[in-house]
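Here the structure is laid out as structure tokens; the discussion comes afterwards.
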Amino acid sequence: MRLEIQVRNNFKSTFIEKPQRKDTTLAIVLRQDAFHHFKKGIAVLSSVVCMLLSQVNTALNKCLTVNQAKQVHAQIIVNNLRDLETHLVRQLVLSQRNFTPTIVYYAQSILHHAQDSDSFSWSCVIRSFAQHGQFKEVFALHVQMHNLGLPPTSFSISSTLRACARIPYKTAGVSIHAQVHKYDILQSVYVQTGLQDFYAKLGDMKAAKKVFDEISEKNVVSWNSMLAGYLKSGDLYMARQFFDEIPFKDTVSWNSMISGYARSGDMNMALSLFHHMPAKNFASWNAMISGYVECGKIDIARSFFDAMPQKNNISWITMISGHSKCGDLDSAKILFDLMPEKDVAAFNAMIACYAQNSHPKEAIDVFKELLERKLIGQPDKMTLSSIISACSQLGDLDFGSWIESYMKRIGIEVDDHLATALIDLYAKCGTIEKAYGLFHGLAKKDLVAYSAMILGCGINGKPHDAIMLFEEMLNANISPNLITFTGILTAYNHAGLIEEGYQCFNLMSKFGLVPGADHYGIIVDLLGRAGRLDEAYDLIKSMPIAPHCGVWGALLLACRLHNNVELGEVAAQHCFNLEAEKAGYAALLANIYASNERWDDVKRLRKSVNYLPASKIPGSSWVESN
DNA sequence: ATAGGGTTAG
């Protein structure tokens, strides 16, 4: 009993002296203190536990784990205090940063069996789930609550509407609209705004306008949400008219309009609004930066970034990814290193930067740094998508498998986005059956998924599967892009189907696509392997864009296969001019000379090109043989 | 509690 009082007193003093946000040292001390008592609390009595639960969480700012909740729950049961159960769920849900399936499942199961569950408790949990992006769960909970005969509340409704807008799930939202009338809770501004926002987010501006017009006392949020709807539907003109009608514009209104112009590439209008707006905040500056990044004006973007009086994490991240899009890895890394308080999204931007610019090793290094610095936070779906891509580029299936088990461990569910990354990984590493399995399990097969699978079949000796998938994709009205064609042409190439490949290559223009150097490279390879060297050479000469090393390299390889000296020399010369790393090409050319017994040329080449030892190049044992 | 700015797969 004494201990109980002691805990109470100590704890109260902790709670009264709420940590000041600015004084981090004090806050940390207090938090540790609170945690200490929290542990004691579990051991003492559930009434204390209950008090600690609500107050410790305030002090600790999110730390209740499922295991701790289970301990507390056990105390609650033992002491027959079941009217505390939903309180526990609320605390558990409120204290989470990331919702793992375990937590979701556990929270739901307590809620279902709690004796004190009422509309209010359910609503709290629903709201929490909605705030953390658990939209499917939100809707499921809404239905479960309804089935228990509990009436919805204004804030369970507004949260569920938010979820329906995000999933998006139109019929559900409409049925909630009906429920709103049935339970007569349309009077709540939150519900009205939620409804109007739901329709606006789904692009049904007519319905949104109808709800909007019925709101008797419109606040600025209603106006802004409508504005966002018009902007989302791409109707800039309509949006501008609406914007001009807003009686009391706030910063959000201005920012929305600015980013609308910025997204459509009209930076002049964006800039003029930016100058005219009365008070700018972070988002105003950030919208300008991302607008300039989007239209490729990285220097102007950077000047805005540098001119900002204060930057937040989003400014830094936008700028890092801006440099990344231009392939300027150094600038990106410099900014990343300068960034004062990196969060997971900043790491994601840097990892994606390396992964997308063919530096997979560096991507993994940054990932490892994130894992080591546990305070920053856990990797999320975006981190892992990029990392899987990096593994795939390295062909590192072991690390990839580790990633998969890691995802299970920290409770990240494999969505279509991640599954597509894994398809690519398994396909590139030769585990095509696994890739197929994931592909069939996709909720929605989109362009990226098809492209990954087509390429996977192409490089795994299943050209006919690739062709089938390509047709299936066209039947599903998905238009192929340049990357899809890389995949399908690779398939034709591996199958040695020359005419079909050529036809497919010509098909590209029908989709409004201009073949890139990579596509030419594949066709050159295809023709070249078949011995049609002159045709391949003519194709290169007809290219409207400059051929890169891959194209000339393909020709050179074909010349090696068919021992053609003249074209081989031409191709090799181009390769030498284009790339610093000449050893491989030199070895190929030398092989051609050697096959033709032109030993003097071999020696001359050896002198003129400073190549690496032949052991680096497969199938080049010629060096020692003469 | 409703609104705005960023980071993910081929």
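Quick note on labels: first sequence line is chain A, next is B, and so on, each numbered from 1.
- Within 4.0 Å of A:K428, counting heavy atoms only, lie sugar-phosphate atoms of the nucleic acid but no base atom.
- Residues satisfying the side chain to side chain donor-acceptor pair (under 3.5 Å) test with A:K280, not counting sequence neighbours, are none.
- With respect to the salt-bridge test (charged N to carboxylate O, under 4.0 angstrom), the residues A:D415 and A:K381 qualify.
- When heavy atoms are screened at a 4.0 angstrom cut-off, A:L418 is found touching no nucleic acid atom at all.
- Taking the side chain to side chain donor-acceptor pair (under 3.5 Å) definition, one finds that A:S222 meets it with A:N219, sequence neighbours left out.
- The residue A:T484 sits close to a base: some heavy atom pair falls under 4.0 Å.
- Take A:D299 and apply the side chain to side chain donor-acceptor pair (under 3.5 Å) test, not counting sequence neighbours, and it matches no residue.
- Residues meeting the ring-ring contact (aromatic ring centres under 6.0 Å, His included) test with A:Y261, sequence neighbours left out: none.
- Among residues two or more places apart in sequence or in another chain, the side chain to side chain donor-acceptor pair (under 3.5 Å) test is passed with A:K333 by A:D337.
- At a threshold of 4.0 angstrom between heavy atoms, the contacts of A:N313 with the nucleic acid are absent.
- Here A:S321 lies in heavy-atom contact (under 4.0 Å) with sugar-phosphate atoms only.
- In this structure, A:Q356 reaches the sugar-phosphate backbone alone: every heavy-atom distance under 4.0 Å involves primed, P, OP1 or OP2 atoms, never a base.
- Contact annotation for A:L447: base contact, defined as any heavy-atom pair under 4.0 Å involving a base atom.
- Within the 4.0 angstrom heavy-atom criterion, no nucleotide atom of any strand lies near A:A228.
- Heavy atoms of A:K325 sit under 4.0 angstrom from primed sugar atoms or phosphate atoms, though from no base atom.
- Taking the 5' to 3' direction, DNA chain B first and last meets chain A under 4.0 angstrom from a heavy atom at B:dA1 to B:dG10.
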